[in-house]
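Hydrogens, waters and symmetry mates are skipped; everything else that's a heavy atom, side chains included, is used. In what follows, chains are A, B, ... by sequence order, proteins preceding strands, each numbered from 1. This one's a predicted model, so the numbers in the text were calculated from it and none came from an experiment.
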Number of protein chains: 2
Amino acid sequence: MTELEQGPKGRRRGRGARERILGASQHLFREQGINRTGMDQLCAAAQVSKRTAYQHFTGKDELVAEYLRRFDPSVLSGVFDRTDLTPRERLLAAFDIPPTTPLCPYIAAAVELHDPQHPASQYARDYKKAVAARLADAAREAGAADPEQLGEQLALLIDGAAARTRVLNADAFPTAAAIAAVLIDNAIPATASDDRRREEVAS
Amino acid sequence: MTELEQGPKGRRRGRGARERILGASQHLFREQGINRTGMDQLCAAAQVSKRTAYQHFTGKDELVAEYLRRFDPSVLSGVFDRTDLTPRERLLAAFDIPPTTPLCPYIAAAVELHDPQHPASQYARDYKKAVAARLADAAREAGAADPEQLGEQLALLIDGAAARTRVLNADAFPTAAAIAAVLIDNAIPATASDDRRREEVAS
DNA sequence: CCGTAAGCACACAGGTCGGTGTACATAACA
DNA sequence: TGTTATGTACACCGACCTGTGTGCTTACGG
């Protein structure tokens with residue numbers, strides 16, 4: 001929404017203190033959690049004085065909300081804008097998540113903040129709904145009988161894999177991908193089910 | 001709750017301070033989270049002096065671990081020891097979770113504690129593995145081709161429903177149950193729907 | 001040049017946290 | 001009766017938290 005407009009002067013000193021703060025947030029919040037990361041540590045990692053941080057963000061809550069809001073583009077478009085894949089492959093690509101992720105930050109934030117009214121929790125809901133919608137779009141494109149239902153189901157699989165990976169400390173995404181394959185094959189009617197034979201036609 | 005009344009001092013000596021502490025833990029940890037529940041508040045709710053609490057538990061960590069360890073019997077056996085159900089119904093019964101649950105406490109603890117080495121995180125792992133094992137047992141009894149795989153898949157669905165319910169603030173277990181039905185029907189060869197179970201050799 | 005403002009370093013306020021120390025009260029048992 | 005175990009009430013400690021107040025440094029524009 002707001003983009004640090006300084007007017008025509010455009011004078012700034014520290015080369016984007018705000019960006020450094022958000023960068024450090026992404027790193028620290030994911031690595032140690034939100035509650036366990038104090039503003040002192042965060043400002044030190046961002047090489048920004050605490051005073052400056054509180055001039056850019058009214059408080060930690062606003063910082064956390066903004067931190068969550070910045071995740072969408074990289075993940076969402078990175079997975080769904082792959083025009084080189086068939087719709088079915090695109091649906092399955094959502095389960096090829098690099099193991100660098102400790103846990104979906106939206107789930108973590110919802111649990112840690114523990115307040116559905118928190119702005120960050122709102123962003124988490126919006127994001128999860130957006131993912132389900134994108135999956136539903138891809139499902140529709142793939143010819144699924146009930147795209148919304150399939151999108152919601154696949155979204156649930158992703159969240160389950162994320163949560164289970166965190167609790168068990170072992171990658172659960174392959175299991176989720178296997179389930180997804182079954183669901184996709186069951187949801188797409190026979191006309192489009194054998195897309196292996198029509199790979200060249202689809203492109 | 002008001003079984004014991006004392007004189008003007010209102011002193012409550014009681015039997016089972018430990019049980020009261022654990023009871024208050026179940027209530028408060030689930031309602032407000034572990035990190036947001038201080039020992040002061042917890043002891044007040046348990047009507048136990050803080051001194052006594054620290055004579056029963058070496059610290060909050062041990063209390064949290066014990067709190068988690070106490071969940072197994074009620075949930076596990078309550079769902080899986082239903083001999084009145086067919087194996088298939090028993091597998092699906094795991095998704096009929098009362099909506100009183102804000103979030104699976106094991107997932108919440110793993111996220112909140114944020115330390116895989118914490119004893120409570122260990123209990124969480126053990127529990128999740130136990131659930132998957134019980135599901136695999138039921139799947140084997142139902143005649144599934146690969147019981148372990150089906151058990152792991154159903155366990156992932158449960159975790160996904162729990163996480164998604166928390167983030168979206170809307171019940172996701174029906175969606176998970178629908179997926180479970182598909183998986184079960186796909187994994188069990190030549191089953192009767194759910195009226196009678198008949199054993200017959202695959203292929 | 002000087003003024004302005006962004007940023008820094010540092011201390012500190014006010015609060016909560018987990019955990020203890022101390023003195024006192026009750027019950028069961030010798 | 002007295003001892004011992006258990007529990008209470010309450011102050012207190014040090015650590016850490018979010019958030020400010022205050023003066024100082026630096027860069028840039030007029």
_Candidate pair B:Arg88 and B:Asp185, rule side-chain contact (heavy atoms from CB on, under 4.5 Å), full reasoning_ = CA-CA 9 Å; B:Arg88 185 180 188 277; B:Asp185 290 341; 3.0 Å; yes

*Please indicate whether A:Glu62 has more than 12 foreign heavy atoms, meaning atoms of other residues, nucleotides or ligands, lying under 6.0 Å from its CD.*
yes

*Write down the distance between CZ (B:Arg36) and P (D:dC17), rounded to a whole number of angstrom.*
14 Å

*How close or far is atom C1' of C:dC17 from atom CG of B:Leu63, stated in whole angstroms?*
15 Å

_Distance in angstrom units between A:Gln41 CD and D:dG19 C1', rounded_ = 17 Å

*Rounded to whole angstroms, how far apart are NE2 on B:His56 and C1' on D:dT6?*
8 Å

Contacts under 3.5 Å, N or O only, protein and nucleotides 19-22 of chain C:
| from | atom 1 | to | atom 2 | distance (Å) |
| --- | --- | --- | --- | --- |
| C:dG19 | OP2 | B:Tyr54 | OH | 3.1 |
| C:dG19 | OP2 | B:Lys60 | N | 2.7 |
| C:dG19 | N7 | B:Lys50 | NZ | 2.8 |
| C:dG19 | O6 | B:Lys50 | NZ | 2.4 |
| C:dG21 | N7 | B:Arg51 | NE | 2.8 |

*asked:* Side-chain N or O of A:Ser49 versus OP1/OP2 of C:dC8: is the shortest distance under 4.0 Å?
replied: yes

*Roughly how many Å is it from CD in A:Gln55 to P in C:dT4, rounded to a whole number?*
18 Å

*Looking at residues 108-115 of chain B, who's got a heavy atom less than 4.0 Å off DNA chain D?*
none

*Which whole-number value in Å describes the distance from B:Ile21 CD1 to D:dG7 C1'?*
11 Å

Which atom pairs, donor and acceptor, lie under 3.5 Å between side-chain atoms of residues 141-152 of chain A and protein residues at least two apart or in another chain?
| from | atom 1 | to | atom 2 | distance (Å) |
| --- | --- | --- | --- | --- |
| A:Glu141 | OE1 | A:Arg90 | NH1 | 3.3 |
| A:Asp146 | OD1 | A:Gln149 | N | 3.3 |
| A:Glu148 | OE2 | A:Arg140 | NH2 | 2.5 |
| A:Glu152 | OE2 | B:Arg164 | NE | 2.9 |

*Nearest whole angstrom, please: distance from the P of C:dG7 to the CZ of A:Phe57.*
12 Å

*ring-ring contact (aromatic ring centres under 6.0 Å, His included) contacts touching residues 26-51 of chain B (sequence neighbours left out)*: B:Phe29-B:Tyr67

*Whole Å only: how far is the CD atom of B:Glu62 from the P atom of C:dG18?*
15 Å

_Using the side chain to side chain contact (heavy atoms under 4.5 Å, CB included) criterion, which residues pair with A:Asp40? Sequence neighbours excluded._
A:Lys50

*Which residues satisfy the side chain to side chain contact (heavy atoms under 4.5 Å, CB included) test with B:Pro116, sequence neighbours excluded?*
A:Asn169, B:Arg125

*Just jot down the side chain to side chain contact (heavy atoms under 4.5 Å, CB included) partners of B:Ala176, sequence neighbours excluded, or say none.*
A:Leu156, B:Phe95, B:Leu157, B:Ala161

*For A:Asp115, check salt bridge (charged side-chain N to carboxylate O under 4.0 Å, His left out) against everything at least two apart and list the hits.*
none

_I'd like to check the side chain to side chain contact (heavy atoms under 4.5 Å, CB included) partners of B:Ala109; sequence neighbours left out, ordered by chain and number._
B:Ile34, B:Leu68, B:Leu113

